[in-house]
Amino acid sequence: MRFATLLVLSSIAPSAFAGFGSPHAPHSYFVMSAVVDITSPVQIPNPLGIRVSNTWTGGNFTAYKGNVFATVLRGAGENGFVDSAGFFHLDARMTLKLINENNTYVYLQFSGIGQFGAVDNFYLRVETNSTKYNFLNQIFIWGNATIPGAYLLGDMFSTTKLA
């Protein structure tokens, strides 16, 4: 009976998905870059590996058009842990103050996995009360980052092409 069910499913599956076409990789569009000053990380051993924490001390974000649009507020920084296999699990939050806008901020939450010092990929969740940058609340953003010294460099992308 199992073989007959499998045979029937295998014969209808190709025709059922014929209208979808071949999958393709999404296009990537540059959204913004970051240069963020950081403190030396505090490393705390735990049963899962090593907890890593540092503080954002300054920096800025540059928009896709080349203009610096936000400064990094000092505060709690990169948090995550290096597991026993050596992978870094990023879980970080950051607050930005928008330039040329009164009382407007951007809250960022980074989640990702990679190597400690060079997170290969991350997902970025954005919240802002800015009317100018409100579109950031509504697009999927991912990126990559590296820590070559006492600063972090990041580039962020989206599948949404910005005007």
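Remember, it's a predicted structure, so these values are computed and weren't measured experimentally.
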Hey, does the side chain of [X] reach the backbone of [Y] with a donor-acceptor pair shorter than 3.5 angstrom?
X: T128; Y: Y105; result: yes
X: S111; Y: D91; result: no
X: S130; Y: T104; result: no
X: W142; Y: T159; result: no
X: D37; Y: V72; result: no
X: R51; Y: G80; result: yes

[X] [atom1] to [Y] [atom2] distance, which is reported to the nearest 0.5 Å:
X: M32; Y: L136; atom1: CE; atom2: CG; value: 5.0 Å
X: K97; Y: T71; atom1: NZ; atom2: OG1; value: 7.5 Å
X: I38; Y: T57; atom1: CD1; atom2: OG1; value: 8.0 Å
X: I44; Y: I50; atom1: CD1; atom2: CD1; value: 10.5 Å
X: T131; Y: E101; atom1: OG1; atom2: CD; value: 6.0 Å

Do [X] and [Y] belong together in a cluster built from hydrophobic side chains that touch within less than 4.5 Å?
X: V68; Y: Y133; value: no
X: F140; Y: Y64; value: yes
X: L108; Y: I99; value: no
X: Y151; Y: V42; value: no
X: Y123; Y: L90; value: yes

Indicate the atoms forming the closest heavy-atom contact of [X] with [Y], along with that distance.
X: D155; Y: S33; value: OD1-CB, 3.3 Å
X: Q115; Y: F88; value: C-CB, 3.8 Å
X: N137; Y: V126; value: OD1-O, 3.2 Å
X: E127; Y: R125; value: OE2-NH1, 2.5 Å
X: N60; Y: T62; value: OD1-OG1, 3.9 Å

Would one find more than 12 heavy atoms of other residues, nucleotides or ligands at under 6.0 Å from atom [atom1] of [X]?
X: N100; atom1: CG; value: no
X: F87; atom1: CZ; value: no
X: K132; atom1: NZ; value: no

TODO: Tell me, with the steps shown, if L162 and I139 meet side-chain contact (heavy atoms from CB on, under 4.5 Å).
DONE: CA-CA 10 Å; L162 306 177; I139 63 174; 4.1 Å; yes
TODO: Report yes if some heavy atom in the side chain of F61 is under 4.5 Å from a heavy atom in the side chain of M94; otherwise report no.
DONE: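 Answer yes - side chains close enough.
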Open item on the list: Does any part of the side chain of V52, heavy atoms only, come nearer than 4.5 Å to the side chain of N54, both counted from C-beta?
Closed with: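 N54 does not reach V52 side chain to side chain.
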Task: Evaluation steps, side-chain contact (heavy atoms from CB on, under 4.5 Å), between L153 and V35 - done: CA-CA 5 Å; L153 300 174; V35 177; 3.8 Å; yes
Task: Derivation of the side-chain contact (heavy atoms from CB on, under 4.5 Å) call for F157 and N144 - done: CA-CA 9 Å; F157 306 89; N144 54 56; 4.1 Å; yes
- [ ] Tell me, with the steps shown, if F69 and L98 meet side-chain contact (heavy atoms from CB on, under 4.5 Å).
- [x] CA-CA 6 Å; F69 75 97; L98 292 173; 3.5 Å; yes
TODO: Give the ring-plane orientation class for F110 versus W56, where under 30° counts as parallel, over 60° as perpendicular and anything between as tilted.
DONE: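 Plane angle between 30° and 60°, so tilted.
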